[in-house]
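Sequence lines set the chain letters: A, B, ... in the order given, protein chains first and strands last, and positions in each chain run from 1. As the structure is a computational prediction, the values presented were derived from the model and not from experiment.
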Amino acid sequence: MLYNKRTNTCGELNTRNIGETVVLNGWVAKKRDLGGIIFIDVRDRYGITQIKVSPDRKDISSLAASLGNEFVISAKGKVIQRESPNKNIPTGEIEIEVEELQVLNESLTTPFVVEEDVKANEDLRLQYRYLDLRRKKMMDGLLLRNKVYQMVHGFYAKHDFVEVETPILMKSTPEGARDYLVPSRVHKGKFYALPQSPQTYKQILMVSGLDRYVQICKCFRDEDLRADRQPEFTQIDVEMSFVTQDDVFKISEELFKNIWKEVLDFNLPEQFPRMTYDYAMTKYGIDKPDLRIKDLMIITEITDAVKTSDFKVFKDVINSGGIIAGIKTGKSQDGSKIEITRKISDGYTDFAKKLGFGGLATLKVNEDGSLQSSILKFLNEESIKGLSAAFDAQPGDFILILSGDKSKVLNGLGQLRLKIAEDFKLLDDSKHEFVWITDFPLFHYEEEENRFVGEHHVFTSPKDEFIHLLDSKDRKEIESIRANCYDLVYNGNELGSGSIRIHDSETQKKVFRIIGLTDEEAAEKFGFILEAFKYGAPPHGGVAFGFDRMIAMLSGTKSIRDIIAFPKTVSAASLMDNCPSPVIKLQLDELGIQLKQG
RNA sequence: GGAGCCGUAGUUCAGUUUGGUUAGAACGCCUGACUGUCACUCAGGAGGUCGCGAGUUCGAGUCUCGUCGGUUCCGCCA
C-alpha cells in the first residue's frame, strides 16, 4: 500500500513548526464535523494533534466526513496557528491544514469508547485489551514499565552483575506454592514445572563462580489471585557471592533510590530503616508494617497490667496462655483528632467479630483524664491505673482492646490499625516509607500438616547464634530459630524478599530433616543442589523484587493488571485469547494423557 | 475451599426494597442540518434472550434455589 509516511508524531508539533508541511499517521480519536469545516483529533502513542479539513477542499471533505473513530489515517498538510488554542494538550497551539488525506484502515465501531475516562468494565477492557491500551493512561503504564526495566538493566550492568537466562522448563519443587506443570511428550508420565523463581539456578550459578547474577524474569505460581497477584509475574532476581545482609541492602537501596529519584523525583534516605520481624509483629501485628503512620496505633500489651482484675474474659485468656493488648488512636500526625463515634466504634466491634473475636473492648479518655468504658465495672483500681499508664492515656484518646491467642490478637490489632488508618484517610500517598524487615523465623509449625515448613524458602540460612538449634527436637526451640532472611516493605506492601543462603550441604540436610524430608527424599528432590554444595560453594545471598508491584506503586495503581500488557483475571484466564482452552485429543494422546470424566 | 459485591440496549447505569400497562436515561451508533470545534450544537431514528437454568405465582427484570462470569477479601501465595 502506497501512502504518505509520517514525518512527525502526533505529540511533537508546536508553534515552532508553523509553516512546515508535515505528514501525520495515526488513529481518529474524535471527529467534529461542523457541516463545512471538519476537525479531527489524530492520536498515536506520542499524543494527539488536531487536523482541519476546510470546506473548500470538497474532495477531502467528503472523505473526512465519512471517517469513523479508530480509523487509521494519513494526513498531509501545513502546520498553522490555531484561531482558538486548546491549552489542555501540548500540541494545542497548532493544527494541520489538510491537503491530502488517506484512509489506511477502517475500524468497526468499538465495543467501548476509547477515551481517557473510560467507562467500560474491566472484563470488557481485558477482552479488547488492544483498544484499552490505546488510552494514554494504559500506554503510559507500559512506557513507565519499560523505562524502569531499562534502568534496572543498566544499574546492575554498571555494578558488574551478569544477566543469565535460567530455564523456564525445570524440575518441580514440592515445597511452597503449587507449580504450573508441563507434560513431557518424550518422557511420558513425567512433567516439567514452570519456575516459581529461579532460586536453585541462581544459587548454582554462585557455585559456578559467576559472583554477581541478575535477571528480570517471569515466575509462575498456581495459587489463587488477588489485585496484586498474577499467575505469571515478573521479578528482579539477584544473587551475589561473598556478601552479608548489609551488602545486599546497600546495593538494593541504591537501586530504589535511583528509581524513585528518576521516576518520582523523590529523594529516598541514604539507608532504609530496619526492623526485626519480632518487633514488627509485636508492635504492628503484621510483617509488612505501613510506616506512613509509623507512630500511630502501635500495639501495647497490657496482660500484666490487668492480671489482678476479676474480669472473666481477661482471666480466661490469661489462664489459657493468651494475651490482652490494644491500640490507641491518639492524634493523627497533622494534629487533626480522630473522632470515634459510637456508630464507628460499633463498626469496629463487628470487624473484630468477623475476625473471630468474641468482642472488642473500647475505652474513651475523657477531657479530665478519666476513662469511660463498659468494661470498667469489671476492673479493679489497680488494673485501671495500670491500663491507663500502659497506654499513656491522654484526653481524647480512644483505646481498642482485644484478647485471646497471642498471634491472633496481634494480627487482629494490626488489621484494626490499618482499617482505622484507611477510614480516617491517614495513609498519605505522597509518603514513601521503605523498611527492611529482618530476622524472620526459619520455620513455622503447620498444624494441619503436623510438621515444620520453611517460613521463607528451604535454602535460607539460620543466624549463626541459632545454628546449634538445628539439632533440637523441641518445637519451641525450633520455632525460636531466626534466619538471615529479610523483606523489603514499601508503604505496607511487600516489594521484595531475600536471604543469605545455606552454602554447605550438612546444614542444608539438617533443614530438610526438620521440614520432614528424609535424606533419601531430599536427595531425590534437591540432590542436585546438595551435590553442588559439596564442590566449593561460596557464601552467597540475594534478593528478589516484585517488578509488577513496584511499577504499580510508581504509577499509583492498586492493581498490577493495569501495568501488565496482557494480564489474567482472578480465575487465571485470559479473556482476550481465551486461555486456558481445551486441546485436541491428538495432543493429549501424544503426551500420554487421559482426562478424567467430570 | 470460604465470604462480600456486581451481571438490564454497543457501553455505563436507573428500575428489584413493596411482583402487575408498551423496561427508561446518558454516551455511542445511523439519517439530516450546521464554516472555528476541542464533551461541537440541533432535529429525528434504530437498538433489549433483564448472564444462564429451574422453581413459586394468574403474572417474575423484581421472590426462591442452582449455575456461569467479573471483582474484592480470607484461606493459600517456600
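- Between the base of B/G75 and the side chain of A/E223 there is no donor-acceptor pair shorter than 3.5 Å.
- Contact of the A/L488 side chain with the A/V543 side chain is not registered, since no non-hydrogen atoms from C-beta on lie closer than 4.5 Å.
- Atom C1' of B/U37 sits at a distance of 50 Å from the matching atom of B/G19, rounded to the whole Å.
- A distance cut-off of 5.5 Å between ring centres, combined with a plane angle under 30°, leaves A/F112 outside any stacking arrangement with the base of B/U11.
- Going from atom CG of A/L108 over to atom P of B/U11 covers 14 Å, rounded to whole Å.
- For the contact set between residues 73-89 of chain A and RNA chain B, defined by any heavy atom under 4.0 Å, the members are A/R82, A/E83, A/S84, A/P85, A/N86.
- In this structure, B/G19 makes no Watson-Crick or G-U wobble pair, since no nucleotide meets both defining distances under 3.5 angstrom.
- Summarising the geometry of A/A544 relative to A/D237, their closest heavy-atom pair is CB-OD1, 3.6 Å, with the distance given to 0.1 Å.
- Separating the CD1 atom of A/I48 from the P atom of B/A39 is a distance of 11 Å, rounded to the nearest angstrom.
- In this structure, B/U31 and B/A43 make a Watson-Crick or G-U wobble pair, each of the two defining distances being under 3.5 angstrom.
- In this structure, the separation between CD on A/Q50 and CD1 on A/I96 is 10.0 Å, given to the nearest 0.5 Å.
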Which atom pairs link the protein and nucleotides 70-74 of chain B when you take only N or O atoms and keep those under 3.5 Å?
{"from": "B/G70", "atom 1": "OP1", "to": "A/T569", "atom 2": "OG1", "distance (Å)": "3.1"}
{"from": "B/G70", "atom 1": "OP1", "to": "A/S571", "atom 2": "OG", "distance (Å)": "3.0"}
{"from": "B/G70", "atom 1": "OP2", "to": "A/S571", "atom 2": "OG", "distance (Å)": "3.1"}
{"from": "B/U71", "atom 1": "OP2", "to": "A/V570", "atom 2": "N", "distance (Å)": "2.8"}
{"from": "B/U71", "atom 1": "O3'", "to": "A/R561", "atom 2": "NH2", "distance (Å)": "3.2"}
{"from": "B/U72", "atom 1": "OP1", "to": "A/R561", "atom 2": "NH2", "distance (Å)": "2.7"}
{"from": "B/U72", "atom 1": "OP2", "to": "A/R561", "atom 2": "NH1", "distance (Å)": "3.3"}
{"from": "B/C73", "atom 1": "OP2", "to": "A/A227", "atom 2": "N", "distance (Å)": "3.4"}
{"from": "B/C74", "atom 1": "OP2", "to": "A/R226", "atom 2": "NE", "distance (Å)": "3.1"}

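- Note on A/D519 versus A/R513: salt bridge recorded, some NZ/NE/NH1/NH2 to OD/OE distance being below 4.0 Å.
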